[in-house]
Amino acid sequence: CSSVAPKYVYTPLNHLKDGTIVNLYGVVKFFKPPYISKGTDYCSVVTLVDPSNVKLTCSLFSGNLDSLPKIYKVGDIVRFHRIKIREYNGQMQGITSGGFASLTFDGTVGAPVVPRTSSRVYTFMEEEQKTVEELRIWAASNISISGPAAKLSGVQPMMFFDLTCQLVGKAKVDGSSFLLKVWDGTKCPYPTWKVPVEAKDLEGEKVLLHQLRNLVVDILVYDNHVRLAESLKIGSFLRIYSIHTKQASADNEDVSHIEFHLHGGTCYGRGIGVLPESNPDVKELKAFLESVDLTESQNMEICMVLFHLSVYCFAVLTDHQDLSNTELKTITNSPAPQQYRIRAKLRSYKPQKLHQSVKLHCSKCNSLQEVPDIDDFDIILHNSAGTAPNPELHNTSWYESVTWTTQDQKKREIAIHFVKRDEMLQHPEDTLLMIEGGTVKEIWKLAKRFKCVIPVRSTKDDLELLDLSAPFLLQGNVKYYGCKQCSTPKPMKNLSSIAAEQQPSWEPTEIAQVLGIELLQYVFIMKFTLVDETGTLNAYLFDYEKFFQIPASEILTSNFLQQKMQMTMNTLCPPGRKLGDLPWLECFIRSYNVRDAMKNQVCYQIFDTTVADDVV
DNA sequence: GTTTAGGCTTTG
C-alpha cells in the first residue's frame with residue numbers, strides 16, 4: 001500500500017445533497033466566533049458562499065476550541081473536510097461529523113496563502129493554493145467585507161462595532177457579567193465609564209493599568225460570554241465582535257459617559273475571538289501600541305534626567321504726527337500737564353549700568369520695587385524644603401503627582417505635580433507643573449523644558465504658593481512675581497479651571513488672576529537728560545517693552561538683549577562725544593505734576609516712542 | 001452514543 005495523498009473532491013455549494021459527507025471551499029459571509037454552547041462543546045456558526053452564489057450555514061461543534069476554524073473576519077476563506085450535509089427548514093445545512101477538519105485563509109487578494117489550522121497533517125498543494133487565490137478574487141467583487149470595525153478614537157455614543165485590542169485587565173463583576181479592560185492605543189473621545197470592582201478581583205499588571213488608565217476602556221460582557229472572558233489571558237490580543245456603545249450618566253456625574261457592552265447571546269456574531277500574534281492586524285496593533293507616546297512617562301523621564309544631572313555635578317520714530325516740535329525752554333516754562341513733540345540731544349542717562357534700570361511695577365498700587373535677588377529665592381526654597389510633601393494632596397482629578405528622594409546626602413523629598421487637561425497629561429512644552437522641594441537650579445531647568453513651573457509647598461489641605469519674595473511662576477527664562485501689598489493668594493486648585501479649558505495657554509496674567517496674585521510687571525525706568533539750543537530737561541522713561549523693542553522681563557536673563565540695549569544707548573548717546581556731535585532725537589514727552597507736602601514739582605515722561613530698528 | 005444551533009436584526 002503506497003502512502004500517496006488522497007485526492008480530495010470538493011463540492012460546489014449548489015451541488016450539496018442531504019445526508020452526504022463532503023469536502024468544500026467557501027468564503028465566509030458571516031460567522032460567530034467560537035463560544036461555549038449550552039451543551040458540552042464550543043460552537044461556531046459559519047455561513048459560506050461560493051461562486052455558485054449559494055449560501056451554506058454550518059453549525060460546527062467541538063470540545064476542542066482549537067479544532068474549530070480560525071476565522072477572524074468576514075471574507076476569510078475556509079476549506080472544510082468531511083462536513084455532513086443535512087436538510088433543515090428546506091435549506092441545506094452543514095454540521096460537523098467525525099473527522100471534520102478545516103483550513104482557514106486570509107481573504108485578502110495578494111496576501112500569503114498560509115493556512116490556519118490545528119491539524120498537524122494536512123494536504124495542501126499547488127491546486128489548493130490556486131483555488132484559494134481564485135476565491136479571493138471572486139470574493140473581492142462579490143462580498144462586502146467592510147465590517148463595523150472601529151478604533152476607540154472613532155466610537156460614537158450609539159453604535160455596534162468590532163474592536164481589535166489588547167487585554168490588560170479583567171475582573172469578576174457578578175454571576176452574569178464580567179469585566180474586560182482593553183486598549184487599542186487610541187483615546188475614546190468621550191468620558192468612558194469605569195465599572196466598579198473590588199481591587200482583589202482585578203487581574204492585570206497594576207502599574208500598566210495605572211499608566212494606561214486614560215486609554216483603557218471597560219467592556220462589560222454578559223451571560224454566555226462570561227466563561228470565555230474568564231479564560232482569556234492578560235496581554236492577549238482580542239477581537240471583540242459587536243460591542244455596543246451606550247450613553248449614560250450616573251447620579252454622581254455631571255456629564256454623561258460612554259459604556260461598552262457585549263450583550264448576551266450570539267446574534268450578529270456577538271462574541272470574543274483571540275487573535276494570534278502572527279495575525280497581520282495584531283502585528284499592526286502591536287507596532288502602534290509600542291509607538292504610543294505615554295506622555296506621563298516622558299514627563300517623568302525628563303524630570304529624572306534633570307534631577308540626576310543636578311545630583312551628580314554640581315532716530316526715534318513717532319506717532320502723533322499732528323504735533324510740531326516744541327523747544328525745551330518753552331516746555332519748562334509751561335504749566336503741566338501737557339504733551340509735546342521735541343527735537344533734542346541725549347546728553348546723559350541714568351543708570352549707566354543698564355540692568356539696574358529694570359524694576360518691578362504694580363499697576364494696582366503703583367509701587368516700584370527692585371527685582372529680588374536670586375539668592376532670596378534660594379533661601380525661601382531652602383526654608384520651605386522643611387515642609388515635606390503631603391501625600392494626601394497627590395494625584396487629584398486635575399494633576400498627576402510623582403515623588404522621589406534625591407540621592408545626595410541631603411535626601412530631599414521632591415514632589416512634582418503635572419497638571420492634566422481632560423484627564424490626560426500634556427506634552428512637556430504644554431504642561432504646567434507644580435514642584436515641592438526643588439532647588440533654584442532644578443526649577444530653572446524644569447522651566448526651560450515645561451510650559452510653566454510653580455514652586456509650591458504642602459499644607460494640611462492644599463498646596464500653596466511660597467512667600468511672594470519668590471517668583472510664583474517661572475516660564476522659560478522669565479520669573480513672575482506678585483505684589484505683596486495687593487495679592488491675596490488663593491488655593492492652588494483654582495488652577496484647575498484653566499486646566500479644563502480647551503487649549504490652556506497658561507498666560508501669566510490668567511494664572512495670576514485665578515491665584516489671587518497681582519502680577520508685577522517688569523519695566524525699564526531710566527532718567528534721560530535732554531538738551532536743545534534753548535535749555536535742558538530731565539525726562540523719565542517708563543517702558544515695558546516699546547521703547548527698546550525689548551521686553552523688560554527678559555533682559556536680565558539674556559546677554560544678547562543686554563548687548564542690544566547697550567548698543568541702542570551708545571547710538572543715542574555715543575560715549576566720549578562732544579555735545580555738538582551728538583545725534584538729534586525726536587520723541588514725545590508729557591509733563592505732569594508731582595505734589596508733596598512742601599512743593600509742587602513738574603516732571604516729564606517719555607511716551608509713545610520707539611527706537612527705530614535702523615538706529616542700532 | 002447524544003447534545004450543542006439552526007446566523008437574520010442586539011441594548012443589562
Side-chain angles (χ1 to χ4, degrees), chain A residues 13 16 18-19 26-49 54-65 67-69 71-76 78 80 83-100 143-145 147-148 150 155-163 171-180 193-197 218-229 240-250 256-273:
Chain A
L13 299 184
L16 299 172
D18 182 24
V27 180
V28 174
K29 191 177 164 48
F30 169 84
F31 73 105
K32 295 182 177 181
Y35 59 94
I36 298 167
S37 74
K38 286 180 186 143
T40 57
D41 293 328
Y42 288 98
C43 173
S44 183
V45 172
V46 182
T47 300
L48 303 179
V49 63
V54 167
K55 283 200 305 184
L56 176 74
T57 295
C58 306
S59 297
L60 310 175
F61 299 101
S62 173
N64 175 11
L65 184 62
S67 63
L68 290 172
I71 297 165
Y72 303 134
K73 52 170 77 162
V74 168
D76 281 352
V78 294
F80 290 165
I83 184 152
K84 188 154 78 185
I85 304 300
R86 294 197 312 207
E87 197 183 314
Y88 176 76
N89 279 350
Q91 281 203 313
M92 290 305 160
Q93 174 194 62
I95 191 156
T96 41
S97 71
F100 170 81
I143 298 257
S144 157
I145 53 162
V155 301
Q156 295 296 317
M158 194 60 160
M159 69 189 287
F160 292 89
F161 71 106
D162 297 348
L163 179 68
K172 179 187 102 176
V173 178
D174 58 45
S176 67
S177 63
F178 192 82
L179 173 63
L180 298 179
W193 73 332
K194 295 292 167 200
V195 178
V197 291
D218 283 6
I219 299 175
L220 202 54
V221 312
Y222 294 92
D223 306 336
N224 57 312
H225 306 299
V226 169
R227 271 174 66 197
L228 193 106
I240 309 180
Y241 300 92
S242 208
I243 297 174
H244 183 203
T245 61
K246 195 178 160 191
Q247 195 159 31
S249 58
S256 62
H257 60 241
I258 285 217
E259 301 180 350
F260 296 89
H261 300 270
L262 185 71
H263 297 297
T266 60
C267 33
Y268 284 93
R270 231 169 18 232
I272 304 169

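Note on naming: letters A, B, ... go to the chains in the order of the sequence lines (proteins, then strands), and numbering restarts at 1 for each one.
- You'll find a donor-acceptor pair under 3.5 Å spanning the side chain of A:H263 and the base of B:dG12, going by distance alone.
- Listed in residue order, the members of residues 29-41 of chain A having a heavy atom less than 4.0 Å from DNA chain B are A:F30, A:K32, A:Y35, A:S37, A:K38, A:G39, A:T40, A:D41.
- Both geometric conditions, a ring-centre gap below 5.5 Å and a plane tilt below 30°, are fulfilled for A:Y222 over the base of B:dG12.
- Counting distance only, with no hydrogens placed and no angle test, the side-chain atoms of A:T47 and the base atoms of B:dG7 include a donor-acceptor pair under 3.5 Å.
- With sequence neighbours excluded, the residues forming a side chain to side chain donor-acceptor pair (under 3.5 Å) with A:E259 are A:H257, A:H261, listed by chain and number.
- A:Q247 pairs by the side chain to side chain donor-acceptor pair (under 3.5 Å) definition with A:S256, not counting sequence neighbours.
- Considering only residues two or more places apart in sequence or on other chains, A:Y72 meets the ring-ring contact (aromatic ring centres under 6.0 Å, His included) condition with none of them.
- Closest approach of A:K29 to A:V49, counting heavy atoms only: CB-CG1, 4.2 Å.
- Comparing the same atom, P, in B:dT11 and in B:dG6 gives a spacing of 15 Å after rounding to whole Å.
- Residue A:D223 is in base contact, counting any heavy-atom pair closer than 4.0 Å across all strands shown.
- Note: CD (A:E259) to P (B:dT10) measures 18 Å, nearest angstrom.
- One P atom belongs to B:dT4, the other to B:dC8, and the distance between them is 16 Å to the nearest Å.
- A:L60 comes within contact range of no nucleotide atom at all, as no heavy-atom separation falls under 4.0 Å.
- Here the C1' atom of nucleotide B:dA5 and the CZ atom of A:R270 are 15 Å apart, to the nearest Å.
- Shortest non-hydrogen contact noted between A:V45 and A:S59 is CG2-OG, 4.5 Å.
- With sequence neighbours excluded, the residues satisfying salt bridge (charged side-chain N to carboxylate O under 4.0 Å, His left out) with A:K73 are A:D281.
- The NZ atom of A:K84 sits 18 Å away from the P atom of B:dG6 (whole-angstrom rounding).
- Following rounding to the nearest Å, A:N89 (CG) and B:dA5 (C1') show an atom-to-atom distance of 12 Å.
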Side-chain donor-acceptor distances from residues 36-44 of chain A under 3.5 Å, at least two apart:
unit_1, atom_1, unit_2, atom_2, d
A:S37, OG, A:G39, N, 3.1
A:S37, OG, A:D41, O, 2.6
A:D41, OD1, A:G63, N, 3.3
A:S44, OG, A:K32, O, 2.7

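- Atom P of nucleotide B:dG12 and atom CD1 of A:I258 are separated by 16 Å, given to the nearest angstrom.
- When distances run from any side-chain atom of A:K246 to the nucleotides B:dG6, B:dT10, B:dG12, the shortest one goes to B:dG12.
- Residue-level contact check: A:S177 touches neither bases nor backbone, having no heavy atom under 4.0 Å from any strand.
- Look at CE on A:M92: it is 19 Å from C1' on B:dG7, rounded to the nearest Å.
- The OH atom of A:Y241 sits 15 Å away from the C1' atom of B:dG7 (whole-angstrom rounding).
- With centroids closer than 5.5 Å and planes inclined by less than 30 degrees as the test, A:F160 and the base of B:dT10 pass as a stacked pair.
- Here the two rings, on A:F31 and A:Y241, have centers that are under 6.0 Å apart.
- For A:I219 and B:dG12, the CD1 to C1' distance is 16 Å, given to the nearest whole Å.
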